[in-house]
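Worth knowing before you read on, the calculation uses all heavy atoms, side chains too, and leaves out hydrogens, waters and symmetry mates.
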Amino acid sequence: PLFIQTKLSKTPTFFIKKILVIFCSGTKSALRLPPPVMKSAASLPAMMSAAAAPPLANFTATTTSRPSAPSIQCNLLFYVRYHVYSHKKYSKNGITIKYRDLPKHIRPEKGYSSTSVRGTIYCSNQKEGNVGLPSDHITVGAKVIYAAAPAMGHNQESHPECNSRVPAILTALENMKLTSKFRGSDVVEVQNFRPATTDDIGSVHAGPYISGLEKAMDQALEKGLIFIDGSGPTYATATTFQESLLAAGAGISLVDSVVAASKVSKDPPVAFALIRPPGHHAVPKGAMGFCVFGNIAIAARYAQRMHGLQRVFIIDFDVHHGNGTNDAFYEDPDIFFLSTHQFKGAWDLVITPQAGSYPGTGKIDQIGCGSGEGSTLNLPLPGGSGDTAMRTVFDEVIVPCAQRFKPDIILVSAGYDAHLLDPLASLQFTTGTYYMLASSIKQLAKDLCGGRCVFFLEGGYNLSSLSNSVAESFRAFLGDRSLASELDDPSYLHEEPLKKVKEIIEKVKHIHSF
């Protein structure tokens, strides 16, 4: 057999090790690759700022080389701590992982399976109707449902958006006893979800972009890694297209599950799509800022089309402006998009001169246009904003906006890169901030739309703060007490620019007349 052992990323507080084992008949040699060199945190903002150009549907191969793969039948096993992902495929020139619509030289399998201590996931690759989790499969009294799509094949070593992110979260949930193994029927993992169809993706993205990305998979298979021109540091591998369909499909299926549960319970569970690649930067015409397909935008259109939930309220608390979601619904009066994000002003230059506010959009006066004027609210926060600032924003802006809009469902772009320890920005949210947001949004959904609420993972690049913050979100959903006091170190915090935050809030209230 051919054994490849690779160390993934390492942060000052967290480390994950991946072992990739490929069993190939007739291969007797062994290959061990050295661990990659992780770029310093200081170099990461430069990667983000390089992505400011408008995205194009072009795909350029990198000069990255890789070991040649045997042209024979393979079983590919990914082992990431407790999780084992198994794919069986055939290839002439290398190894590919695709879930459907495979090239002629690859024999398609019936689906994708994942086994772990949490159970089994089966995702059909056949063209079929909605196979979301039926209501009778959701245990009565469940408080959290989630689906995981870690996209293990979509990976660039040393890149902040790498395939260690979702496994780090799943491991933390397991270690902190927040899974069904420990919490019984309170926590349910959706174990049947299909990849999104190209029609689902086409409800948000342009056809030439979708077909161009799918065709580029052959180039990625040949070259090992490609970058999407004009999208900044957004890379693609041979599995990116299908794994992006699976990520979008997980979100769609959670919408199905929450809607089904809300029909039999006045207190349905909150759902969380633990997925990647993230999506809120992907614009209708292409990829951008680590994002391939707009997962939350696709789910919003699906909720309207399949469930008649016409009024969708989207909250985006990622540290970067969700420009893709913003653009997708800028003229739509039925989808309210509200984004809090960091902007680069004088305060930022004092605190961290190198920290940008990618992608440079999301100005306070961008409020929608045409019939959608007033249904977009952008609230840029000065660097250094933290827990107090976000609590004030939630109470004085988010709540009254949602109450006035009267949504049928609330969707959340949950980015955890506003955390104090995250390398790509300079806000100072804590795990306690994320507990507050999760708890407050859950209550808001219960008050306004029958509890229908789905979170979608976006950013978060320090594996420790990311996994701890998602775990705090789960605790909030479950009604557990916060453990933020045990996880956060207040000695790292500095004074927030609350006067500036208050000025921004007052300006937003004036613009939006509330």
Side-chain atoms of residues 473-488: list all donor-acceptor pairs with protein atoms under 3.5 Å, sequence neighbours left out, distances to 0.1 Å.
residue	atom	partner	partner atom	Å
Ser473	OG	Tyr416	OH	2.9
Ser473	OG	Ser469	O	3.1
Arg475	NH1	Glu472	OE2	2.6
Asp480	OD1	Arg183	NH2	3.2
Asp480	OD2	Arg183	NH1	2.6
Asp480	OD2	Arg183	NH2	3.3
Ser482	OG	Glu472	OE1	2.5
Ser482	OG	Ala484	N	3.0
Asp488	OD1	Thr431	N	3.2
Asp488	OD1	Thr431	OG1	2.8
Asp488	OD2	Thr430	OG1	3.4
Asp488	OD2	Thr431	N	3.4
Asp488	OD2	Thr431	OG1	2.9
Asp488	OD2	Gly432	N	3.3

| message | If we check salt bridge (charged side-chain N to carboxylate O under 4.0 Å, His left out) with Arg311, which of these qualifies: Asp332, Asp408, Asp334? | response | Asp334
| message | Measuring centre to centre across the rings, with the benzene-like ring taken for any Trp, is His159 within less than 6.0 Å of Phe290? | response | yes
| query | Where does the angle between the aromatic ring planes of Tyr358 and His281 fall among parallel (under 30°), tilted (30 to 60°) and perpendicular (over 60°)? | reply | perpendicular
| request: May I have all residue pairs that pass salt bridge (Lys or Arg N to Asp or Glu O under 4.0 Å) and include part of residues 423-452, sequence neighbours excluded? | output: none
| Who are the ring pair (Phe, Tyr, Trp, His ring centres under 6.0 Å) partners of His321, not counting sequence neighbours? | His341
| query | Quick check: does any side chain N or O of Thr392 sit under 3.5 Å from a backbone N or O of Thr388, one acting as donor and the other as acceptor? | reply | yes
| remark: With sequence neighbours left out, the residues meeting side chain to side chain contact (heavy atoms under 4.5 Å, CB included) with Ala247 are Ile275, Asn295
| message | Could you work out, with side-chain hydrogen bond (donor to acceptor under 3.5 Å, both in side chains) as the rule, every residue matching Ser513, not counting sequence neighbours? | response | none
| Aromatic ring pairing His307/Tyr302, orientation class (parallel under 30°, perpendicular over 60°, tilted between) | perpendicular
| query | Looking at residues at least two apart in the chain, or sitting in another chain, which of them share a salt bridge (Lys or Arg N to Asp or Glu O under 4.0 Å) with Glu503? | reply | none
| note | Sorted by chain and number, sequence neighbours left out, side-chain hydrogen bond (donor to acceptor under 3.5 Å, both in side chains) with His154 holds for Thr240
| Asp200: what forms a side-chain hydrogen bond (donor to acceptor under 3.5 Å, both in side chains) with it, not counting sequence neighbours? | Arg194, Thr197, Arg305
| message | Quick check: do His320 and Leu424 have side-chain heavy atoms less than 4.5 Å from each other? | response | yes
| message | Just so I know, are the side chains of Asp327 and Pro284 near enough to count as touching, which here means a heavy-atom distance under 4.5 Å? | response | yes
| field | Any side-chain heavy-atom pair of Ile314 and Leu338 under 4.5 Å | value | no
| query | Looking at side-chain heavy atoms only, is the closest gap between Thr376 and Phe329 below 4.5 Å? | reply | no
| request: With the side chain counted from C-beta on, respond yes when Leu498 and Lys502 share a heavy-atom pair under 4.5 Å apart, and no when they do not. | output: no
| With a 4.5 Å heavy-atom cut-off, do Leu381 and Leu379 have their side chains touching? | yes
| query | So, for Phe455 and Phe272, is the gap between ring centers shorter than 6.0 Å? | reply | yes
| field | Any residue meeting side chain to side chain contact (heavy atoms under 4.5 Å, CB included) with Lys363, in chain and number order, not counting sequence neighbours | value | Asp365, Gln366
| said: Checking side-chain polar atoms at under 3.5 Å, does His419 have a donor or acceptor matched by the opposite partner on Asn462? | reply: no
| query | How would you list, by chain and number, every residue that makes a side-chain hydrogen bond (donor to acceptor under 3.5 Å, both in side chains) with Lys507, sequence neighbours excluded? | reply | none
| By side chain to side chain contact (heavy atoms under 4.5 Å, CB included), which residues pair with Leu448, not counting sequence neighbours? | Ala402, Gln403, Pro407, Leu444
| task | Just jot down the side chain to side chain contact (heavy atoms under 4.5 Å, CB included) partners of Ser371, sequence neighbours excluded, or say none. | result | Pro333
| query | With side chains defined as the heavy atoms from C-beta onward, is the minimum distance between Ile398 and Phe317 less than 4.5 Å? | reply | no
